[in-house]
Amino acid sequence: MIITQSLQSNLLLGGGRKSNQKASSASSREFGVLLQSCIKTKSFQNGVRLHNQILEAGFERNHDLLPRLVKFYATCGCVEEARKLFDKYPKRSLNVFVWTSLINGYIENEQPYQAFDLFREMLEFGIKPDSFTFSALLKACALLGSPELALQLQSLATKAGHSSSLSVTNSLIHVYGSLGDFASALQVFDGASSRDLVSWTSMIRSCSILKKYAESMELFSKMQLEEGLKPNELTIVSVLPACGFFSFLRSGQAMHAYIIRRQLPLNSFVGSSLVSMYSQCGDPEDAFRVFDTMDERNVVLWTSMIEGFAMNGQFDSALKLFDQMREKGIRPNYVTLVVVLCACSHGGLVEQGWKIFNSMREEFGIVARVEHYACMVDMLGRVGKLEEAEEFIEGMNIEPTASIYGSLLGACQVHSNVELGERLANKLLELEPDNAANYVILSNIYASVGKWEDVQRLRDLMVDRGLTKSPGCSWIEIKNKTHVFGAHDRSHPDSDNIYRKLEDLGDQIARAGYVPLTKFVLLDVEEAEKKRLLCSHSERLAIAYGLMNAPSRGPIRIAKNLRVCGDCHEAIKLVSLVTRRELVIRDTSRFHHFREGSCSCGDYW
DNA sequence: GTAGGGTTAG
């Protein structure tokens, strides 16, 4: 509405200034504005009526109106109509604007091949593409998943002198980022002669997509400090995954507050990224608050919230929300079902899991993909039904992938099944010889049953193949500063006090019945050394520091880059009991909410 | 007439 009004006022201003122009010219402008508003509102009937009037007035071929008419039909999903209109006139007589409109029309209707065919034809007719043409075609590269094609277009655009155009620069950053070519995206961004908010937002998004979250946050502050650019809601959406990844609740809250303060639109995109961020920060209550206040809830928003509950151990709430979503007539998509099956798996809800999996096609019209199968394998593996899981894999409609075997290998580690673990790991080492995780899991399986020679053999193999495992660490945010701890770390300036606090906590939990579970030490050392090593796992250092420095109210939140070990899990339950504090720990994919001696995961993770 | 946004198993 506002847009239409501003267009109308522009028209008035323009008309005033050019009062000596011919009447027909003023009318064609008027038609242009009206057509534009039909495109914006996608009002098909009004547009067709307008087209007829344009035809009667003899304006159809007007250099400004024809491209808009083409765009109108394409926007309303009638790209064939747009093509008919295009074919009505000799191609050589049509300007680049008309050609680009139809190219764009094909892309908007997800027909990238037709777009490229038309581009080829355009070049053959000697029509020179402009920056708009290149922007449009770069979008098509993302659809086709082809960074090579993007590179070709980049060199064509450079030759044609359009490479410094902002829209070409920004499209290039976007397409390279979307296709996983971070180096090229960065090269375009760094080499750009000018950058605007879109360039920064695209680069921040590229970092987030490629899981370069630190870079994402760094760019976000650099953009404001060095360029003085103010983020908008798209920038916020691009940086929120980074807040979630690091569990930086305060930063995430600041983003949320910024949206509200600047009155930026809180649409479904912003809504779902906020829900995800709060969930990843172990705060499902605030995630739900955002979810609950959204006017319009689409499938992605529902999916985010279901995942948010599941991630935080609230499996019943997750499944209840799934029911509610269906009652509201929202059709789940395949991601929703991945999330729901994963909730069943993590919550040990085997019966519900089977029921949902078996009804996927009939009830939701969704054919199971590899992700769904992986959830089922994980679900069976977790409850120790390893053989059933293996049979399930054999009976699958699809070829098992490394991820399927990986799911079951994880279960073999939990249930110390050496025989199956070995078999699977050998398959996996062939399928993905560069994935360090497989070596580590197999080595842990050997360690858990004391096969130290095999542990050593795998370590040597990893060294030979140049693979390293990422060292475990935990971190905590205190007063906007992040404190990172490695296992047995003594590098923190407050280290002495932290270890004193740990000793004190050790005494308290021992009185509450703690017995160290030394089987979780995967090293061939003496029993006493094992006990000592357990006490200084990184999450315990972070907890001790948190208890000393976090505000006295509210939960203490810690994030960790690996799974919490079984012994720490027991110890932390008791720490929550003796200190009467809620402790929230995020591991690689989910949360443990420790309260009064128990954990939200129900010891099942 | 152009460019940038949310959910996904292990």
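Values in this document were obtained by computation on a predicted structure and should not be read as measured data. Just so it is clear: chains get the letters A, B, ... in the order the sequence lines come, proteins before strands, and each one is counted from 1.
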Residues Asp323(A), Lys320(A): salt bridge by 4.0 Å N-O rule: no
Could you write nucleotides 2-7 of chain B as a row of B, S and -, 5' to 3', where a protein heavy atom under 4.0 Å of any base atom gives B, of only sugar-phosphate atoms gives S, and otherwise -? BBBBBB
Round to the nearest Å and state the distance from Lys40(A) atom NZ to dG1(B) atom C1'. 10 Å
Nearest-Å distance for atom pair CZ/P, residues Phe357(A) and dA9(B): 17 Å
Side-chain N,O (Arg563(A)) to OP1/OP2 (dG10(B)) below 4.0 Å: no
Heavy-atom pair of closest approach, residues Trp302(A) and Ile330(A): NE1-CG1, 3.8 Å
I want to verify a distance call: between dG10(B), dT8(B), dG1(B), whose nearest atom is closest to the Phe97(A) side chain? dG1(B)
From OH of Tyr373(A) across to P of dG10(B) the rounded distance in Å is 18 Å
Residues at least two apart in sequence or cross-chain that pass salt bridge (charged side-chain N to carboxylate O under 4.0 Å, His left out) with Glu81(A), listed by chain then number, are Lys84(A)
Spell out yes or no: do the side chain of Asp64(A) and the base of dG1(B) have one donor N/O and one acceptor N/O closer than 3.5 Å? no
Do you know which two heavy atoms are closest between Met277(A) and Gly244(A), and how far apart they sit? CG-N, 4.1 Å
Expressed as a whole number of angstroms, how long is the span from Ile404(A):CD1 to dA9(B):C1'? 8 Å
Distance-minimising heavy-atom pair for Asn109(A) and Gly77(A): OD1-CA, 3.5 Å
Would you say the base of dA9(B) and the side-chain of Ser403(A) have a donor-acceptor pair closer than 3.5 Å? yes
Base, sugar-phosphate, or nothing: which does Tyr334(A) touch, judged by heavy atoms less than 4.0 Å apart? base
Please give, in whole Å, the distance from dA9(B) P to Leu341(A) CG? 12 Å
Over how many whole Å does the gap from Tyr405(A) atom OH to dA9(B) atom C1' extend? 17 Å
What is the distance, rounded to the nearest whole Å, between atom CZ of Phe364(A) and atom P of dT8(B)? 19 Å
Report yes if the distance between the aromatic ring centroids of Trp99(A) and Phe119(A) is under 6.0 Å, otherwise no. no
Expressed as a whole number of angstroms, how long is the span from Met360(A):CE to dT8(B):C1'? 12 Å
Contacts of Phe392(A) meeting ring-ring contact (aromatic ring centres under 6.0 Å, His included) (sequence neighbours excluded), chain-then-number -> Trp354(A), Phe357(A), Tyr373(A)
